[in-house]
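Just so you know, these numbers use all the heavy atoms, side chains as well, and skip hydrogens, waters and symmetry mates. One is the number of the first residue; the rest follow in order along the sequence.
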Amino acid sequence: QVQLVESGGGLVQAGGSLRLSCAASERAFSTYCKGWFRQAPGKEREFVAAISWSGISTNYADSVKGRFTISRDNAKNMVYLQMNSLKPEDTAVYYCAALYSDCLSPQSSQYDYWGQGTQVTVSS
C-alpha cells in the first residue's frame with residue numbers, strides 16, 4: 001500500500017526553525033509532484049507549498065513565502081519543508097501530499113495521496 005509518512009514536527013519557540021520530512025513508500029513517487037498543507041484547530045486545511053517532480057519549480061502560500069523552503073531528494077524518495085522564523089500562527093498539523101498532474105496546485109482536492117500529518121506547535 002502506498003504511504004506518505006511525515007516526521008520532524010514538534011514544539012518550538014517563535015523565531016525558531018523546524019525541518020519536516022516526508023517519506024514515500026514507493027519509488028514511483030519520485031515522479032509525483034508533492035505538496036505540504038496544514039490545518040489548524042477549527043480551520044480548513046490550507047496550502048503551504050508545492051514542488052514539481054524535478055524539484056525545479058516551486059509554489060508557496062503568501063503567508064510562508066520567504067520563511068519556508070520546500071525541497072526533494074528523489075533518490076531517497078523524500079520531500080522536505082524547512083521552516084524558519086516560525087510564528088505562533090504557523091501552529092497546525094502539517095500534511096504531505098502527492099499528485100501526478102497539475103503540479104504546484106494549491107487545491108487540496110487535486111491531490112491523490114496524503115500522509116497522516118505531524119504536529120507543529122509554535123509558542124510565543
More than 12 heavy atoms of other residues, nucleotides or ligands under 6.0 Å from NZ of K65: is that the case?
yes
Shortest non-hydrogen pair, A40 vs A92, comes out as N-CB, 3.8 Å
Quick one, M78 and S21 - any side-chain contact, counting heavy atoms below 4.5 Å?
yes
At their closest point, which heavy atom of F37 faces which heavy atom of P106, and how far apart are they?
CE2-O, 3.6 Å
With a 4.5 Å heavy-atom cut-off, do Y80 and R72 have their side chains touching?
no
Ignoring hydrogens and geometry, is there a side-chain-to-backbone donor-acceptor pair from S25 to Q3 under 3.5 Å?
yes
Are any side-chain N or O atoms of K34 and backbone N or O atoms of L99, one a donor and one an acceptor, separated by less than 3.5 Å?
no
How long is the span from the OH atom in Y111 to the SG atom in C33, to the nearest 0.5 Å?
7.5 Å
Cluster question for you: counting only ILVMFWY and a side-chain heavy-atom cut-off of under 4.5 Å, with indirect links fine, are V93 and L4 together?
no
Side chain of E6, backbone of G117: donor and acceptor closer than 3.5 Å?
yes
Considering only heavy atoms from C-beta outward, does the side chain of D90 approach that of R38 to under 4.5 Å?
yes
Excluding V64, membership of its hydrophobic cluster (Ile, Leu, Val, Met, Phe, Trp, Tyr; side-chain heavy atoms within less than 4.5 Å) reads V12, L18, L20, W36, V48, I51, Y60, F68, I70, V79, L81, M83, L86, Y94, V120, V122
NZ of K87 to OG of S124: how many Å apart, nearest 0.5 Å?
14.0 Å
We want to know whether S105 and Q110 form a side-chain donor-acceptor pair, criterion being a heavy-atom distance below 3.5 angstrom.
yes
Spell out, as yes or no, whether a donor-acceptor pair under 3.5 Å connects the side chain of T121 to the backbone of L11.
no
If you take all heavy atoms of F47 and L104, which pair is closest and at what distance?
CZ-O, 4.5 Å
Within the supplied structure, the quantity of interest is the number of heavy atoms (other residues, nucleotides, ligands) at a distance under 6.0 Å from Q119 CD; does it exceed 12?
yes
Is it possible for you to check whether R45 lies under 6.0 Å from the centre of the six-membered ring of Y95, through NZ or CZ, and within 45° of that ring's axis?
yes
Mind jotting down which residue pairs meet the side chain to side chain donor-acceptor pair (under 3.5 Å) criterion with at least one end in residues 47-57? Sequence neighbours excluded, please.
S52-S54
